[in-house]
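Reckoned from all heavy atoms, side chains included, excluding hydrogens, waters and symmetry mates. Each chain gets a letter, A, B and so on, in the order the sequences are listed, and its residues count up from 1.
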Amino acid sequence: MQRHVTTPTQPGWLRIFLIGRRPKTTLVRAGVLIATCFVVFRFILLPIRITGSSMLPTYRDGQINFANRLAYLRHEPQRGDVVSIRLAGPSMMLMKRIIGLPGETVVFRAGHVHINGQLLDEPYVKQPCDWEKGPVVCGPDEYYVVGDNRSMPFELHEQGRAERDRIIGKPLL
Amino acid sequence: MKILLRLAALAALAALGWWLWTVWFPGPEAVIRQRLAELARTATIDGQDSLITRVAKAKNAAGFFTRDAEFLFESTGYNTHQFSGREELAEAARAGFATFRSFAVEFIDVTVQVAADRQSAGVNCTAKVRYGDSKEVAGQEMRFQWRKVDGTWFILRLETVKTLS
């Protein structure tokens, strides 16, 4: 009796291109990728779109970035850090730079920042500024934040003391 | 196998029953969230809305507040405003709706805390406002105090929250 042996047919190139040689493996890989992206972009790196001009020229209106929520896992925010500050939640945030640390006194005098009476060097400020603001003392858990665009009118520029628990991370880029 | 299937069917029925219960008899938090969403829709003005529609929307928006409600508005770049009473709020809403051609309001990141007596609640959220066809949005943190009056939740107090002090 003759035995007939049939060789399995090779899948077409389109099928290989779309779902690979082993569909089950492809499905598992896709699942892992989706889960990883969900965890990363939902809890670790929040995609953000910058609106407004308060951080010019460092960040422009319309730029895309990511808020790194793990930035302050091992250390506290430092002076000079650009940070994301949540409003009621993380869906909308302010992006400002820290100039004053907890316990420090911040003063704007003729557009220059003084911390505890000492002039602060701010190389990131490129525009002229004439702001005047009386001494503001940061509480034990507060950071003084302000944008880099100091040519804006003082009344229109959102700035002040942010509580530590509102600072949720720093821009990745 | 049959027992497992029956248990699974029972669990699915229980889940369905619980879901229907929450839809037909929502808790205070769900009701407040619905009211907040309704307020956002009422406060949204389309460029094609006529003056009569805007006046009606202003009156409807004020209807979400108690008669003795208070609204305190403080935000960077704007003058401070304080309104007391539903009529004053309606008047302010009419003026606001007449000033802007169109804007869309949305409340996001809503957290609701219902008091133990289930007659009052506090809500914290961000008001997201888009003016006209602009891509830019303005965000302002808000704090609401709600009170249940004759079975319906109304806003007793609304104030803006200063994110940066």
Side-chain angles (χ1 to χ4, degrees), chain A residues 42 46 48-55 60-64 83-100 102 106 108 131 133-147 149 152-168, chain B residues 29 32-33 35-37 39-40 43-44 71-81 102-114 121-146 155 157-165:
Chain A
R42 181 81 167 81
L46 301 181
I48 55 176
R49 183 174 163 276
I50 296 163
T51 61
S53 58
S54 70
M55 280 300 293
R60 293 188 321 272
D61 181 44
Q63 262 184 314
I64 304 293
V83 294
S84 301
I85 302 156
R86 65 166 179 82
L87 274 62
S91 298
M92 281 193 87
M93 296 179 279
L94 298 175
M95 184 187 276
K96 301 288 177 187
R97 190 183 296 272
I98 292 176
I99 61 169
V106 178
F108 276 92
W131 292 357
K133 183 167 182 173
V136 177
V137 181
C138 294
D141 219 23
E142 291 175 336
Y143 295 80
Y144 199 97
V145 296
V146 67
N149 186 2
M152 283 176 70
F154 180 78
E155 316 75 52
L156 299 181
H157 191 113
E158 194 147 6
Q159 58 172 294
R161 293 167 295 188
E163 290 163 1
R164 173 64 183 92
D165 66 351
R166 282 186 180 272
I167 296 174
I168 65 168
Chain B
E29 182 175 334
I32 288 171
R33 284 177 185 273
R35 291 278 283 164
L36 212 49
L39 175 62
T44 294
F71 179 18
L72 175 62
F73 180 83
E74 275 183 290
S75 187
T76 305
Y78 297 93
N79 293 330
T80 300
H81 296 286
S102 68
F103 55 83
V105 178
E106 194 185 345
F107 295 116
I108 56 176
D109 292 332
V110 177
T111 53
V112 180
Q113 283 178 325
V114 181
V123 172
N124 212 49
C125 66
T126 300
K128 182 177 160 185
V129 182
R130 188 187 304 273
Y131 295 97
D133 297 324
S134 167
K135 276 186 183 176
E136 276 198 33
V137 290
Q140 176 63 57
E141 192 173 347
M142 313 284 281
R143 188 177 296 137
F144 294 76
Q145 281 180 30
W146 291 76
I155 300 167
R157 182 178 170 81
L158 172 57
E159 58 184 345
T160 50
V161 176
K162 294 196 87 174
T163 304
L164 304 179
S165 62

key: Contacting moiety of A/E155, where chain B heavy atoms sit under 4.5 Å   = backbone
remark   = One option among B/V110, B/T126, B/T111, B/I108 has the most heavy-atom pairs under 4.5 Å with chain A, and it is B/T126
query = If you measure from CG on B/L164 to OH on A/Y143, what distance do you get to the nearest 0.5 Å?
reply = 14.5 Å
remark   = A/R166 and B/V161 have their tightest heavy-atom pair at NH2-CG1, 4.1 Å
ask   = If you count heavy-atom pairs under 4.5 Å with chain B, which of A/P153, A/G62, A/A162, A/S91 comes out on top?
value = A/S91
ask   = Roughly how far apart are A/R86 CZ and B/E141 CD, rounded to 0.5 Å?
value = 7.0 Å
query = Are there more than 12 heavy atoms of other residues, nucleotides or ligands under 6.0 Å from atom NZ of A/K133?
reply = yes
task = Drop me the distance from A/M93's CE to B/T163's OG1, to the nearest 0.5 angstrom.
result = 12.5 Å
request  = Mark yes when over 12 heavy atoms from residues, nucleotides or ligands other than A/R164 sit less than 6.0 Å from its CZ; otherwise mark no.
outcome  = yes
request  = Before giving the answer on side-chain contact (heavy atoms from CB on, under 4.5 Å), spell out for B/S165 and A/E142 the whole-Å C-alpha distance, their side-chain angles and the decisive distance to 0.1 Å.
outcome  = CA-CA 10 Å; B/S165 62; A/E142 291 175 336; 4.2 Å; yes
message = Is it the case that over 12 heavy atoms from other parts of the model lie below 6.0 angstrom from the CZ atom of A/R49?
response = yes
inquiry  = Would you say CD of B/Q113 has more than 12 non-hydrogen atoms from neighbouring residues, nucleotides or ligands within 6.0 angstrom?
reply    = no
remark   = Closest non-hydrogen contact found for B/C125 with A/A88 is C-CB, 3.3 Å
key: Side chain, backbone, both or neither of A/L156 within contact of chain B (heavy atoms, under 4.5 Å)   = both
key: Rounded distance [0.5 Å steps], CG in A/L87 versus CG in B/D109   = 8.5 Å
ask   = Would the number of heavy atoms belonging to other residues, nucleotides or ligands and lying under 6.0 Å from CZ of A/F154 be above 12?
value = yes
ask   = Which region of A/T51, side chain (C-beta onward) or backbone (N, CA, C, O), has a non-hydrogen atom less than 4.5 Å from a non-hydrogen atom of chain B, or is it both or neither?
value = side chain
